Amino acid sequence: MSSFKNKNEIKKIYFKPLIDLVEQSHSIHKKHFKTHLIQASKLLSIKTGACPEDCAYCSQSSRYETKIQKEKLLDLQTVIFKAKKAKEEGATRFCLGASWREVKDNRPFENVLEMVKEIKKLHMEVCCTLGMLSLNQAKKLKKAGLDAYNHNLDTSPEFYPKIISTRSYQDRLNTLKNVRQAGLTICTGGILGLGESHEDRCSFIQQLCFINPPPESITINTLIPIKGTPLENQKAISVLDVVRVIAVCRILMPHSMIRLSAGRSQQSLTEQFMCFYAGANSLFIGNKLLTADNPELSTDHNMLESLGLKMKAQKESLKV
Ligand code: SAM
Ligand code: SF4
């Protein structure tokens with residue numbers, strides 16, 4: 001059971017002096033996880049662009065003039081080739097992302113089920129992030145061998161309508177309910193730096209705490225401003241705010257993986273170190289994160305080495 005707290009209790013933790021907050025989160029982190037191990041995932045965009053949704057941050061929305069190349073659903077061979085390469089590079093989880101509003105019961109979904117089945121034969125964890133999902137579709141993914149489903153809440157319920165108008169917060173929560181009911185693990189989280197307030201961040205964290213049992217994975221993205229989107233000129237937030245959110249998530253959901261996701265290419269080595277120290281223990285490798293830049297694999301290897309961290313091997317447990 002997550003140490004669910006009401007909003008005021010979350011705020012009391014959130015507004016602690018950062019040095020005390022991180023000391024508390026790191027001590028909780030090392031009670032549950034081997035803090036020198038980082039789990040690596042790789043995220044492949046299997047269908048890119050032309051999304052009907054209006055997520056104000058997203059390069060793939062058909063509403064905005066962004067420079068991404070639209071791509072139809074990749075073929076099975078290409079996906080398996082990329083999964084094999086990701087495994088060789090040290091990824092223990094392979095994530096398939098599609099720029100869909102929702103999954104439809106059609107041929108492309110059947111193809112994705114095939115991809116999941118084939119990647120499982122490589123003895124990797126597989127995650128999908130395909131938009132909204134019915135219980136039946138979640139069960140089909142589970143039957144195909146899927147381990148996890150990513151579906152981000154992105155921000156607080158109060159701020160959400162300012163970022164996305166083509167779906168509701170409840171729509172997202174419904175998908176997470178279907179994911180859990182189908183026996184898949186939940187990967188959810190958000191984007192910091194959308195213009196949200198500290199209050200919004202506490203409300204977003206509270207939503208994560210409402211998920212019971214807590215999400216097995218919490219994704220923390222930092223906004224990558226994309227030219228042509230409504231947030232293209234959004235002022236960057238201080239990484240100290242990212243560290244703060246990671247620390248509060250670690251304290252309130254001590255058993256969840258915390259994935260330091262989009263935005264790492266904007267963070268210095270020291271800033272990333274602070275995120276790991278506060279409790280993040282996963283990253284995405286490869287110089288492309290769906291359509292956004294991400295550090296080169298060699299850069300990440302050098303970073304981990306200089307921080308005394310290493311990528312967890314396939315069979316290695318992160319748990320103490
Ligand atoms: N289309 C599916 C959906 O919306 O659930 C898959 C989305 S895929 C996982 C993209 C995720 O990356 C979004 O949920 C969002 O949290 C994050 N993201 C997208 N664009 C971003 C950006 N410009 N900066 C940071 N994070 C971003
Ligand atoms: Fe579409 Fe997902 Fe991008 Fe939103 S985040 S515009 S749903 S691809």
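First listed ligand is number 1; within each ligand, the first listed atom is number 1. None of the values given here were measured: they were computed from a predicted structure.
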Worked verdict on Leu318 versus Lys34 for side chain to side chain contact (heavy atoms under 4.5 Å, CB included): CA-CA 5 Å; Leu318 277 166; Lys34 294 168 190 159; 5.7 Å; no
Full working for side-chain hydrogen bond (donor to acceptor under 3.5 Å, both in side chains) between Ser61 and Glu53: CA-CA 6 Å; Ser61 167; Glu53 301 276 76; over 6 Å; no
Identity and separation of the nearest protein heavy atom to [atom]:
| atom | answer |
| --- | --- |
| atom 21 (C) of ligand 1 | Tyr57 CD1, 3.8 Å |
| atom 7 (S) of ligand 2 | Arg167 NH1, 3.3 Å |
| atom 27 (C) of ligand 1 | Ile191 CD1, 3.6 Å |
| atom 8 (S) of ligand 1 | Leu290 CD1, 3.4 Å |
| atom 24 (N) of ligand 1 | Ile224 N, 2.9 Å |
| atom 14 (O) of ligand 1 | Asn152 ND2, 3.2 Å |

Gly131 to ligand 1, any heavy atom closer than 4.0 Å: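 Yes, that is the case, since the closest heavy atom of the residue is under 4.0 Å from the ligand.
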Heavy-atom proximity to atom 7 (C) of ligand 1, best of Thr222, Thr129, Thr291, Ile163: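 That would be Thr129.
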Best match, Gln60, Lys47, Arg172, Glu53: closest heavy atom to atom 3 (C) of ligand 1: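 It is Arg172 whose heavy atom sits nearest to atom 3 (C) of ligand 1.
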Heavy-atom closest contact (Met311 atom, Ala40 atom, distance):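 Closest approach of Met311 to Ala40: SD-CB, 3.7 Å.
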Does the side chain of [X] pick up a donor-acceptor pair with the side chain of [Y] at under 3.5 Å?
| X | Y | value |
| --- | --- | --- |
| Gln314 | Thr92 | no |
| Asp75 | Thr78 | yes |
| Arg250 | Gln24 | no |
| Asn302 | Thr299 | no |

Cluster check Ile218, Leu37: I/L/V/M/F/W/Y, side chain < 4.5 angstrom: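 Looking at the clustering, Leu37 is in a separate group from Ile218.
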Can you tell which part of [X] has a heavy atom less than 4.0 Å from ligand 1: side chain, backbone, both or neither?
| X | result |
| --- | --- |
| Asn221 | side chain |
| Leu231 | neither |
| Ala98 | backbone |

Cation-pi, Tyr14 ring and Arg244 (6.0 angstrom, 45 degrees):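 Flagged: Arg244 positioned over aromatic ring of Tyr14.
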Stepwise side chain to side chain contact (heavy atoms under 4.5 Å, CB included) test for Cys249 and Ile246: CA-CA 5 Å; Cys249 287; Ile246 290 171; 5.8 Å; no
Per-atom contacts of ligand 2 with Tyr57, taking only distances under 4.0 Å to non-hydrogen atoms: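 This gives 5 (S) as the contact atoms.
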Geometric class of the Tyr160/Tyr169 ring pair [parallel <30°, tilted 30-60°, perpendicular >60°]: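 Correct class here is perpendicular.
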Heteroatoms of the protein, restricted to N/O/S, which lie under 2.8 Å from atom 1 (Fe) of ligand 2: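 As for protein N, O or S atoms lying under 2.8 Å from atom 1 (Fe) of ligand 2, they are Cys51 SG.
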Mode of Glu102 contact toward ligand 2 - side chain, backbone, both, neither (heavy atoms, under 4.0 Å):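 No part of Glu102 is near ligand 2 at this cut-off.
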Any idea which atoms of ligand 1 are less than 4.0 Å away from a heavy-atom of [X]?
| X | result |
| --- | --- |
| Asn150 | 9 (C) |
| Trp100 | 1 (N) |
| Ala262 | 25 (C), 26 (N) |

Derivation of the ring pair (Phe, Tyr, Trp, His ring centres under 6.0 Å) call for His29 and Tyr277: CA-CA 8 Å; His29 185 45; Tyr277 190 79; 8.9 Å; no
Option from Glu271, Gln267, Gln266 for which side chain to side chain donor-acceptor pair (under 3.5 Å) with Thr222 holds: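 It is Gln267; the other options fail the test.
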Any N or O of Asp154 closer than 3.5 Å to N or O of ligand 1: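 Right, the criterion is met.
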Close N or O approach (Cys58, ligand 1; < 3.5 Å):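 N/O-N/O distance below 3.5 Å does not exist for this pair.
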Criterion side chain to side chain contact (heavy atoms under 4.5 Å, CB included) on Asn281 and Lys312, from CA distance to verdict: CA-CA 10 Å; Asn281 54 353; Lys312 149 181 136 58; over 6 Å; no
Among Thr229, Thr66, Ile68, side chain to side chain contact (heavy atoms under 4.5 Å, CB included) partner for Gln60: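 Single side chain to side chain contact (heavy atoms under 4.5 Å, CB included) partner of Gln60 among Thr229, Thr66, Ile68: Ile68.
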